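Worth saying up front: this structure is predicted, and the values here are computed from it rather than measured.
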Amino acid sequence: MPELAISTDKVGFLIEKAREYDVKEGASDLDSGSNGVDDNMIDVLEDNGDDPVAQEIAGFIAAMTEEEQIDLVALMRLGRGDGSIEEWDDLRREAADGRNGRTARYLLGEPLLSDYLAAGLDEFGLSWTDERITPVT
């Protein structure tokens, strides 16, 4: 069984943050003049392009080592079904070859990122804990 360069705690944190990010939707009431209390705080679920969760994810990924970022991309692709655990070295090599300094942007563009990362961990026989609210360093 191959080994991961990234800890399950870090992946678990990203899964939780990706779930927060994935629930965002397009702006639905652009001309609203009311405040959040009147709208039951529904605007917090709108993607306005200045999302603090996306910024937190991007900063967290940017602080990772190159090896961790490569494994993160390969893990997402494994969970997406681009290869099997037996093809881990190939998935990892493809992730390394495609590395361009925009890992966070690439991963945030994947709509089911949290599900794919969780499925990738499952392929390794690893689990993560729900409800992680602080990053693991």
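You'll find the side chain of L4 reaches within 4.5 Å of the side chain of L126, heavy atoms only. For the pair D71 and V11, the minimum side-chain heavy-atom distance is 4.5 Å or more. Looking at heavy atoms from C-beta onward, Y106 lies in side-chain contact with M76 at the 4.5 angstrom threshold. With contacts defined as side-chain heavy-atom distances shorter than 4.5 Å, the pair L107/I57 does not qualify. Y116 has its side chain out of reach of L78: every pair of non-hydrogen atoms, C-beta onward, lies at least 4.5 Å apart. Two residues are said to be in side-chain contact when any heavy atoms from C-beta on lie closer than 4.5 Å; W88 and E123 fail this criterion. In this structure, the side chains of S114 and Y21 stay at 4.5 Å or more apart for every pair of heavy atoms. With a 4.5 Å cut-off on side-chain heavy atoms, I85 and P2 count as touching.
Checked by atom type and distance alone, the side chain of Q69 pairs as donor or acceptor with a backbone atom of I61 at under 3.5 Å.
Ion pairing of R92 with E67 is present here, as a side-chain N (NZ or NE/NH1/NH2) and a carboxylate O approach within less than 4.0 Å. With respect to the salt-bridge test (charged N to carboxylate O, under 4.0 angstrom), the residues D90 and R93 qualify.
With values rounded to the nearest 0.5 angstrom, L75 atom CG is found 12.0 Å from R80 atom CZ. Distance check: L14 CG to M64 CE gives 4.5 Å after rounding to the nearest 0.5 Å.
Using modelled atom types, one finds a donor on one side chain and an acceptor on the other under 3.5 Å when comparing E86 with S84.
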- Message: Before you tell me yes or no, could you show the steps for F13 and W128 under ring pair (Phe, Tyr, Trp, His ring centres under 6.0 Å), namely the whole-Å CA-CA distance, both residues' side-chain angles and the distance that decides it to 0.1 Å?
- Response: CA-CA 9 Å; F13 174 75; W128 57 280; over 10 Å; no
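Taken together through direct or relayed side-chain contacts under 4.5 Å among Ile, Leu, Val, Met, Phe, Trp and Tyr, I70 and F60 form parts of separate hydrophobic clusters. In the hydrophobic clustering of ILVMFWY residues, with side-chain heavy atoms under 4.5 Å counting as a link, L117 and L91 come out together.
Considering only residues two or more places apart in sequence or on other chains, R102 meets the salt bridge (Lys or Arg N to Asp or Glu O under 4.0 Å) condition with none of them.
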